[in-house]
Chemist: 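Quick one: the structure is below, and I'll ask about it shortly.
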Amino acid sequence: MRKMEKYNPKEIEAKWQRKWEQEKTYEAKNKGKKWYSLFEFPYPSGAGLHTGHIRSNTAMDIISRKRRMEGYEVLYPIGWDAFGLPTENYAIKTGISPQQATEENLKTFKRQLKSLGFSFDWSREVNTTDPAYYKWTQWIFLKFFEHGLAYKHKTQINWCPSCKIGLANEEVVAGKCERCGAEVVKKEKEQWMLKITAYADKLLAGLDELDFLPEIKLQQKNWIGRSEGAEIDFPVKDREEKIKVFTTRPDTLFGATYMVLAPEHPLLMNHELGIGNYDEVQEYIKNARGKTEIERTSDGREKTGVELKGVKAINPVNLEEIPIFIADYVLTGYGTGAIMAVPAHDERDFEFAKKFGLEIREVISGGKEGECFSGEGELVSSGEFTGMGSRDAGEKITKSFGQEKVQYKLRDWVFSRQRYWGEPIPLVFCERCAERIKNQESRIKNEGEKQNPGWIAVPDDELPVELPKVENYQPRDDGESPLASIEEWVNVSCPKCKAPAKRETDTMPNWAGSSWYFLRYIDPKNDEELASKKLMKHWLPVDWYNGGVEHVTLHLLYSRFWNQFLYDIKVVPVSEPYKKRTKHGMILAEGGVKMSKSKGNVVNPDPIVEEFGADSLRLYEMFMGPFDQALVWDRRGIFGTARFLERAWRAGSEYVKEDESKELTGTLHKLIKKVGEDIEGMNFNTAISSMMVYMNQCLEEKGVAKSSWMKFLQLLHPFAPHIASELYEMVGGKDIDFQPWPEYDKKLLVEESFELVVQINGKTRGTISAERGLDQKAAQELVRENDIGKKWIVGEVKKVIFVENRLINFIV
RNA sequence: GCUGAGGUGGAGGAAUUGGUAGACUCGCCAGCCUUAGGAGCUGGUGCCUUUAAAAGCGUGCGGGUUCGAGUCCCGCCCUCAGCACCA
């Protein structure tokens, strides 16, 4: 054994990282018993890596390293989700190209990640902004198009009239442009949409068999928001028009005493309708446009609305005339953009009706006087349906006055961005083909070309449509992407008929590249397919995917959607991409606020690695608290894990002997069980605290047997791989990365004695040391002989509660 | 507002799932050591009364079930995350 000097993380971490790189220790071979670990690949921002990034990486590194020790061939890849707004905004500000900025950011991220000793397979690195990658993002989009799942649709975007740019919701702060402070307006824009709603049921059903955390499943389920109900037409009095509503409670139709339209409802554009207070209505519509959906639906504020004067609707069930309102708490995006209001049985309608003095008519019994009752019950004052139950009546009323309808909260995905830094949408618009397609619709095979006349797919062999270099990243005055100004790029000849045509100048959202990256890791250099079928069959599905809570709805749903679609068109072999999904909590800056470059509170791991080493940092990241919870960064916390490793170093240098105490062996076997189970349950914090307990005991006893010590190092290795490798080598071990994961001996887990808790009337009065397996009679005697019993058992014992190997409770 | 998660010492948190609340770590206090450092070692540290022994109180608030509740039930309050063009 070598006589050791002080623990020097800098030296040993460099040594092992060099070795792993040279020996390609973690490159995944495409054979054997596979395991695929995945975490959400980072966006390489200009601020560099922060301590929050490392959490997910470390957790999945621990799992990946454990799996290798369990004999799996592990794929643990890394890549970059590099398209996005911040880089583009940086380009607009500085003139530095997004390509160049990304390259520089990547360099920093790579150096930082490498310094932490993650067992990534660096040979499979992917980058969403690499044309060789986004060629396939474009290819997948064209498949959606070809199958009729991409369509043009008019939507509203946030528009800053001063910057002349479309804004993301995030860039709109309190209705104003984040950068210049100007009032943001809504602007109509034709955009590409992806029909994710066509997959709503599949996305819902797919969840059943997946091992996702229950709250993640629930979030996805609620986001999809399937509800069954009815569509019912309300005629407008003395006119042809009808107002269609969706309701989940057709049983309350008799209680509908007014209607409410969303401010965007198409009926309101009809000048012939005879709205008496047209100007007032228009004013209200204008105001509503300035508000976000969250503002509009917040219950905190007073309900607002305007009655349409001179227009009435007819309740089809009793032919009563009822007033029509517009109010911004009704949204266009959900249902039909109009509701029948049943104030007696809907909270929000109730509030609105009280404010406007509208009739509140009870039609379901069970409510209290003067309150709204939204439960189900027996119908009252409902004509022939009176006396029926809600369910039964709902079905019958639907049959007579409407039709059944399934409604989702989920909306189609707006897929266009008027920005430069994204994948170009690989379509061209050809006037001549537009005419041609309208005339011979039946003969067009490509559904996208049929549904969107004039839009022609760029042929596969011309992919990728590369982002051209531009001089100026400033958007144009008309709101189009800077790409629209590059005439030689925009003007092409139609791939179908060779007539002059124009490229689509919108780009894809950042979500596009991240919706399928896990497929590309499998076969990152393939030029013929997005990945080889054989390799996908080998590696899919991803066995364990961890990511942030904030991605549990959008990204996770989008990528499941893409994968399900690719499965349906027989490109990928499994319908669900992720077998298991967990989440990590965010790390907050000191003071409990989000880390952000603008606040200047981003904690950079570099100086921490420099001073304490990667192993101490990794341990602290995992030790801080429960993995799925948001935690506040505390720089002093690192002292604790650094001291722990120093103690381990001392134990390894001084106390490794031939023998050890029976107690220490027992602690080790409990530790093996605990660490193994805690890793699987992502309870990394308690795994580490148990290792600390073990280490404290080793130091107290000043002696640990070599065989035990080596097992301990194997347990430590996934968490702190550098020091574990070094200490393992110090005692003559080799290849700790691939040693079998230690097993525990059940017999060594149970101790011979335990502390019997003595309670009197449920209050703990003391403990008595006793042998395991002690029965109630013996325990009772033991207590009576003991001082505790003598002191506290006074009077008659009415009852004794006994829990084996734990406690005895006397009721006196 | 809707959806999801949470609330335990000075701080981060632990608690075999209904059985000794506060493991482990930070911090703090006292002592030792020292070539004075944010190193190491020993002991202490929930609150309150107390020299001590001992007792009482204690897991956001109010109620309930139970021999026994941080854990289960009912009602309330507060914090964080997401809300569809941030990633």
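Naming convention: chains lettered A, B, ... in sequence-line order (proteins, then strands); numbering from 1 in each chain.
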Chemist: For B:G1, does OP1 or OP2 lie under 4.0 Å from any side-chain N or O of A:Arg348?
Modeler: no

Chemist: Do the side chain of A:His555 and the base of B:A87 come within less than 3.5 angstrom through a donor-acceptor pair of N or O atoms?
Modeler: no

Chemist: Quick test of your reading of the model: are A:Glu40 and A:Arg581 salt-bridged, counting only N-O distances below 4.0 Å?
Modeler: yes

Chemist: For nucleotides 53-59 of chain B, which of its nitrogen or oxygen atoms have a protein nitrogen or oxygen under 3.5 Å away, and what is each distance?
Modeler:
unit_1, atom_1, unit_2, atom_2, d
B:G56, OP2, A:Arg765, NH1, 3.4

Chemist: Reckon A:Gln418 touches a base, only the sugar-phosphate, or nothing at all at heavy-atom distances under 4.0 Å?
Modeler: base

Chemist: Counting the atoms with a prime plus P, OP1 and OP2 as sugar-phosphate, which does A:Ile216 contact under 4.0 Å by heavy atoms, base, sugar-phosphate, or nothing?
Modeler: nothing

Chemist: Taking the ring of A:Tyr199 and the ring of A:Trp562, is the distance between their centroids below 6.0 Å?
Modeler: no

Chemist: Heavy atoms from C-beta onward define the side chain here; which of B:G4, B:C24, B:G19 lies closest to that of A:Val693?
Modeler: B:C24

Chemist: Classify A:Pro626 by what it touches in the nucleic acid, base, sugar-phosphate, or nothing, heavy-atom distance under 4.0 Å.
Modeler: sugar-phosphate

Chemist: Would you mind calling B:U17 syn or anti? Take O4'-C1'-N9-C4 for purines or O4'-C1'-N1-C2 for pyrimidines, and syn is within 90° of 0.
Modeler: syn

Chemist: Salt bridge check: are A:Arg772 and A:Glu751 linked by an N-O gap of less than 4.0 Å?
Modeler: no

Chemist: Considering only NZ, NE, NH1 and NH2 on the basic side and carboxylate oxygens on the acidic side, decide whether A:Arg348 and A:Asp346 come within less than 4.0 Å.
Modeler: no

Chemist: Could you check whether A:Phe639 gets within reach of a base, just the sugar-phosphate, or nothing at all, counting any heavy atom under 4.0 Å?
Modeler: base

Chemist: Name the nucleic acid region contacted by A:Gln759, choosing base, sugar-phosphate or nothing; use a 4.0 angstrom heavy-atom cut-off, strictly under.
Modeler: base

Chemist: Can you tell me whether the base of B:G22 sits syn or anti, using the 90° cut around 0 to define syn?
Modeler: anti

Chemist: Can you tell whether the side chains of A:Glu504 and A:Lys152 come within less than 4.0 Å, N to carboxylate O?
Modeler: yes

Chemist: Any side-chain donor-acceptor pair under 3.5 Å between A:Thr58 and A:Glu621?
Modeler: no

Chemist: Would you please confirm or rule out a distance under 4.0 Å between OP1 or OP2 of B:G82 and any side-chain N or O of A:Lys594?
Modeler: yes

Chemist: So what's the dot-bracket for RNA chain B: Watson-Crick or G-U pairs under 3.5 Å, [ ] if a pair crosses, | if it pairs off-strand?
Modeler: (((((((..(((......[....)))((((((.......))))))((.(....).))..(((((..]....))))))))))))....

Chemist: Does a side-chain N or O of A:Asn685 approach OP1 or OP2 of B:A14 to a distance below 4.0 Å, or not?
Modeler: yes

Chemist: Out of B:C24, B:G38, B:G19, which nucleotide sits closest to the side chain of A:Asn696?
Modeler: B:C24

Chemist: Base, sugar-phosphate, or nothing for A:Thr767, non-hydrogen atoms under 4.0 angstrom?
Modeler: base

Chemist: Regarding A:Glu611, tell me which of base, sugar-phosphate or nothing describes its non-hydrogen contacts under 4.0 Å with the strands shown.
Modeler: base

Chemist: What does A:Val757 touch in the nucleic acid at a heavy-atom separation under 4.0 angstrom: a base, only the sugar-phosphate, or nothing?
Modeler: base

Chemist: What is the nucleic acid contact for A:Leu554, judged by heavy atoms within less than 4.0 Å: base, sugar-phosphate only, or nothing?
Modeler: base

Chemist: Is any side-chain nitrogen or oxygen of A:Arg650 closer than 4.0 Å to OP1 or OP2 of B:C41?
Modeler: yes

Chemist: For the residue pair A:Tyr329 / A:Asp349, report whether a side-chain donor-acceptor contact shorter than 3.5 Å exists.
Modeler: yes

Chemist: With the side chain of A:Arg643 defined as its heavy atoms from C-beta on, choose the nearest nucleotide among B:C24, B:A5, B:G27.
Modeler: B:G27

Chemist: For a quick check of understanding: with a heavy-atom distance under 4.0 Å over all strands, which category does A:Ile157 fall into, base, sugar-phosphate or nothing?
Modeler: base

Chemist: Which of the following nucleotides, B:C86, B:G12, B:C24, is nearest to the side chain of A:Glu170?
Modeler: B:C86

Chemist: Looking at A:Asn89, A:Thr505, A:Thr507, A:Asn510, which one forms a side-chain hydrogen bond (donor to acceptor under 3.5 Å, both in side chains) with A:Arg419?
Modeler: A:Asn89

Chemist: Side chain of A:Leu218 only, please: which of B:A23, B:G4, B:U20 is the nearest?
Modeler: B:G4

Chemist: Compare the minimum distances between each of B:A21, B:C85, B:U25 and the side chain of A:Asn169, then state the nucleotide with the smallest one.
Modeler: B:C85

Chemist: For A:Leu85, report the nucleic acid contact type (base, sugar-phosphate, nothing); a contact means any heavy atom under 4.0 Å.
Modeler: sugar-phosphate

Chemist: Given 3.5 Å as the limit, does a donor-acceptor pair link the side chain of A:Asp678 with the main chain of A:Phe684, or not?
Modeler: no

Chemist: Counting distance alone, no hydrogens or angles: does the base of B:C85 have a donor or acceptor under 3.5 Å from a partner atom on the side chain of A:Gln191?
Modeler: yes

Chemist: Describe the nucleic acid contact of A:Leu631 in one word from base, sugar-phosphate, nothing, applying a heavy-atom distance below 4.0 Å.
Modeler: sugar-phosphate

Chemist: Taking only nitrogen or oxygen atoms into account, show me every contact under 3.5 Å that the protein makes with nucleotides 71-73 of chain B, one pair per line with its distance.
Modeler:
none

Chemist: Is there a donor in the side chain of A:Tyr7 and an acceptor in the side chain of A:Ser616, or the other way round, less than 3.5 Å apart?
Modeler: no

Chemist: Quick check on B:C26: is either OP1 or OP2 less than 4.0 Å from any side-chain nitrogen or oxygen of A:Arg635?
Modeler: no

Chemist: For a quick check of understanding: with a heavy-atom distance under 4.0 Å over all strands, which category does A:Leu410 fall into, base, sugar-phosphate or nothing?
Modeler: base

Chemist: Would you say the rings of A:His53 and A:Phe109 are close, in the sense that their centroids are separated by under 6.0 Å?
Modeler: yes

Chemist: Please find out if less than 6.0 Å separates the ring center of A:Phe141 from that of A:Phe415.
Modeler: yes

Chemist: On the nucleotide B:G82, are OP1 or OP2 found under 4.0 Å from the side-chain N or O atoms that A:Asn222 carries?
Modeler: no

Chemist: Would you please confirm or rule out a distance under 4.0 Å between OP1 or OP2 of B:G10 and any side-chain N or O of A:Arg636?
Modeler: no

Chemist: Pick the closest RNA chain B nucleotide for A:Ile801 and for A:Phe623 by heavy atoms, then say which residue is nearer the 5' end.
Modeler: A:Phe623

Chemist: Using a cut-off of less than 4.0 Å, is there contact between a side-chain N or O of A:Gln629 and OP1 or OP2 of B:G13?
Modeler: yes

Chemist: When we call it a touch if two heavy atoms are under 4.0 Å apart, what does A:Arg419 touch: a base, just sugar-phosphate, or nothing?
Modeler: nothing

Chemist: Any donor-acceptor pair under 3.5 Å joining the side chain of A:Gln219 to the base of B:G82?
Modeler: no

